[in-house]
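Here is the structure we will look at.
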Amino acid sequence: MTQGRAEDLTLDYKREIGSSPGERAEMCKDVSALANSEGGMIVYGVDEKPDRTPKIPLFGTARAFGRQNVEEWAAQVLQGGVQPRMVLDVEAFPLSGDPSRCLLVVRTQPSPSAPHMVTLNGDNRYYGRFYRRGNFGNRIAEEYEVREMMERARRLYLGLEEELSRRGYGDPSSATFGDSPYNRRLAARSPEGRMEAATRWASFLLLPTSPGGTALADRAGLVDWLDPNEHRYEPHPRDLYLPTAVPRPVLGGVASLSIAYEDGRPVGGRAKDYVRVGFDGSVEYGFAPASVTALPDGTEVPYFIGTRIAAKLWQTLGFAAAVRSQLSLAAPHLLSVNLARTEGAILAGFADGWEDPRGDFLELQEAPRCLEPNAQIRRELRAEDFAEISAATATDPPPQVRELAEEVCFAFGIPQPVLFPRA
């Protein structure tokens with residue numbers, strides 16, 4: 001506002017927000033037009049001059065409607081009045097000197113779910129229509145533009161598939177699944193206690209689903225922000241999440257690998273874990289929560305430590321939520337949970353209250369084995385998922401992590417969730 005930025009394709013000013021049916025439909029039209037176009041923000045509570053710059057002092061809009069804060073009320077109207085649902089950030093900024101008024105900012109990005117249609121009330125003039133944002137306002141989308149929006153959604157999907165394949169995660173049945181310089185560096189401790197190249201590992205990859213996200217301009221600032229001492233997350237908020245090595249720039253982002261040690265000396269070229277953060281908001285974490293034990297007859301049984309997978313996944317999602325906040329991302333992230341070389345392995349390392357097969361050779365011999373060469377679980381996580389993950393505590397885990405942990409159990413042939421304590 002103080003910079004006097006004029007309205008444009010991605011910025012719109014509105015004098016006030018209203019609660020009448022017509023005003024609610026107008027809001028749905030305006031915000032859906034942004035999501036159907038290049039994304040951007042609408043600032044409610046701003047009068048504009050003839051040159052489309054904001055008038056100072058600011059006019060402001062109502063801080064509440066009934067018992068609801070205006071941001072909660074607006075989010076409900078927009079999510080209920082546009083289909084399919086949009087990804088939104090809605091935030092109120094108080095006006096000094098008048099606690100009853102504020103600026104309301106609604107922000108969206110180019111939507112991978114476009115085209116969005118106004119569906120609020122069946123008797124308004126916007127109902128059942130698709131809108132596009134232009135430099136001088138919003139208009140009904142042409143038929144070819146609706147088709148272009150559908151094609152954009154298809155291209156975004158294909159782009160995610162291409163990125164998964166580029167990183168080696170496209171085909172879980174492939175013998176080279178997840179083969180990358182990062183995963184090849186991972187180390188695991190052998191039954192004899194030596195650190196050696198990991199043959200089984202896990203990685204979590206989160207990709208932003210919209211290319212229109214705010215890329216970080218201050219790239220050196222991301223290196224400073226990745227201070228290991230500043231990043232601690234549930235379910236172990238006192239533990240450092242990031243590797244303690246100094247983050248270093250890599251192509252497209254920043255990476256950090258923790259060195260693997262044996263007898264106080266670094267094991268050449270090996271890492272305990274790694275984190276990669278892309279300037280686009282992508283996050284990848286890899287480590288080796290697996291080992292091998294032996295039956296009395298000498299038969300080796302490979303196993304994955306389930307509770308370590310669940311805990312590190314939860315921490316990675318908490319870290320991804322922090323990255324989203326740092327880069328001001330609102331679009332969903334695609335999560336890919338990847339477990340390599342799972343065929344013939346068992347799931348071990350159960351939570352308290354469940355019997356761990358490693359404690360009994362008979363159970364170890366009879367434990368179900370994974371039938372897939374590699375295991376992959378994909379989920380789309382929206383802004384509200386990350387908010388729920390960030391607000392959860394160790395005594396009350398988020399449902400997203402519980403569901404993903406249950407999927408890991410299913411991958412190893414275990415029908416009940418065993419990675420969280422019994423209720």
Side-chain angles (χ1 to χ4, degrees), residues 87 109-114 148-186 197-213 215-216 249-257 271 273-290 304 309 312-313 316-317 319-320 323-324 327 329 331-343 345 370-382 385-386 400 404 407-408 410-411:
V87 176
Q109 295 181 351
S111 176
S113 303
E148 284 178 352
M149 285 185 264
M150 292 179 175
E151 177 62 18
R152 181 175 75 185
R154 189 183 74 87
R155 288 197 305 270
L156 288 174
Y157 172 79
L158 292 176
L160 288 171
E161 290 294 330
E162 289 172 1
E163 182 62 14
L164 282 168
S165 296
R166 188 184 73 80
R167 298 192 184 220
Y169 300 118
D171 181 9
S173 65
S174 169
T176 59
F177 178 72
D179 186 28
S180 73
Y182 293 89
N183 290 325
R184 285 198 295 270
R185 284 187 171 90
L186 288 174
T199 56
R200 296 172 180 83
W201 44 260
S203 70
F204 314 130
L205 175 62
L206 291 113
L207 298 174
T209 59
S210 172
L216 188 69
V250 293
L251 188 63
V254 180
S256 181
L257 291 77
D273 61 350
Y274 70 84
V275 172
R276 276 200 293 172
V277 183
F279 297 130
D280 61 348
S282 59
V283 173
E284 183 175 0
Y285 175 81
F287 69 128
F304 283 77
I309 294 172
K312 283 297 183 182
L313 174 58
T316 301
L317 294 179
F319 174 67
V323 170
R324 286 169 60 88
L327 300 186
L329 294 176
H333 266 75
L334 174 68
L335 166 68
S336 177
V337 177
N338 313 291
L339 305 178
R341 317 295 179 262
T342 52
E343 187 170 11
C370 184
L371 301 178
E372 304 295 334
N374 307 287
Q376 185 180 66
I377 303 164
R378 295 189 191 181
R379 287 287 184 278
E380 184 181 273
L381 299 175
R382 302 169 68 92
D385 292 311
F386 285 103
Q400 297 84 356
L404 289 164
E407 286 291 329
V408 171
F410 268 75

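Values in this document were obtained by computation on a predicted structure and should not be read as measured data.
Between Glu162 and Arg166 there is no salt bridge, since none of the side-chain N atoms of the basic residue sits less than 4.0 Å from a carboxylate O of the acidic one.
Scanning for side chain to side chain donor-acceptor pair (under 3.5 Å) contacts around Thr199 gives an empty result, with sequence neighbours left out. Applying the side-chain contact (heavy atoms from CB on, under 4.5 Å) test to Glu343 and every residue at least two apart in sequence or in another chain returns Pro373. Residues forming a side-chain contact (heavy atoms from CB on, under 4.5 Å) with Ser180 (at least two apart in sequence, or on another chain): Tyr182, Asn183. Taking the ring pair (Phe, Tyr, Trp, His ring centres under 6.0 Å) definition, one finds that Phe304 meets it with Phe412, sequence neighbours left out. Evaluation of the salt bridge (Lys or Arg N to Asp or Glu O under 4.0 Å) rule for Asp171 yields no partner, not counting sequence neighbours.
Annotation: side chain of Tyr285 is not in contact with side chain of Tyr274 (no heavy-atom distance under 4.5 Å). Side-chain atoms of Ser282 and Arg167, non-hydrogen and from C-beta on, do get closer than 4.5 Å to each other. With contacts defined as side-chain heavy-atom distances shorter than 4.5 Å, the pair Asp273/Trp201 does not qualify. Here the side chains of Thr316 and Phe287 are not in contact, with every heavy-atom distance at 4.5 Å or above.
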For residues 331-341, which side-chain donor-acceptor pairs fall under 3.5 Å, sequence neighbours excluded?
residue	atom	partner	partner atom	Å
His333	ND1	Arg324	NH1	2.9
His333	NE2	Gly281	O	2.9
Ser336	OG	Asn338	OD1	2.7
Ser336	OG	Gln376	NE2	3.1
Asn338	OD1	Gln376	NE2	3.0
Asn338	ND2	Ser203	O	3.4
Asn338	ND2	Ser203	OG	3.2
Asn338	ND2	Ser336	O	3.3
Arg341	NH1	Asn374	OD1	3.1

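In this structure, the separation between CG on Leu404 and CD1 on Ile309 is 12.0 Å, given to the nearest 0.5 Å. To the nearest 0.5 Å, atom CG of residue Leu207 and atom CD of residue Glu284 are 8.5 Å apart.
Across all their heavy atoms, Val277 and Val275 have their closest contact at CG2-CG1, 3.9 Å. Across Phe279 and Leu327, no two heavy atoms sit closer than the pair O-CD1, 3.8 Å. Closest of all the heavy-atom pairs between Cys370 and Ala411 is SG-O, 3.3 Å. When all heavy atoms of Asp385 and Glu380 are compared, the closest pair comes out as OD2-O, 4.0 Å. Annotation for Arg276 and Ala255: closest pair CG-CB, 3.8 Å, computed over non-hydrogen atoms. Taking every heavy atom of both residues into account, Thr342 and Glu372 meet most closely at OG1-O, 2.8 Å.
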Kindly determine whether Phe386 and Leu206 satisfy side-chain contact (heavy atoms from CB on, under 4.5 Å), including the steps that lead there. CA-CA 12 Å; Phe386 285 103; Leu206 291 113; 4.0 Å; yes
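Residue Arg185 places its CZ atom among 12 or fewer non-hydrogen atoms of other residues, nucleotides or ligands, all under 6.0 Å distant.
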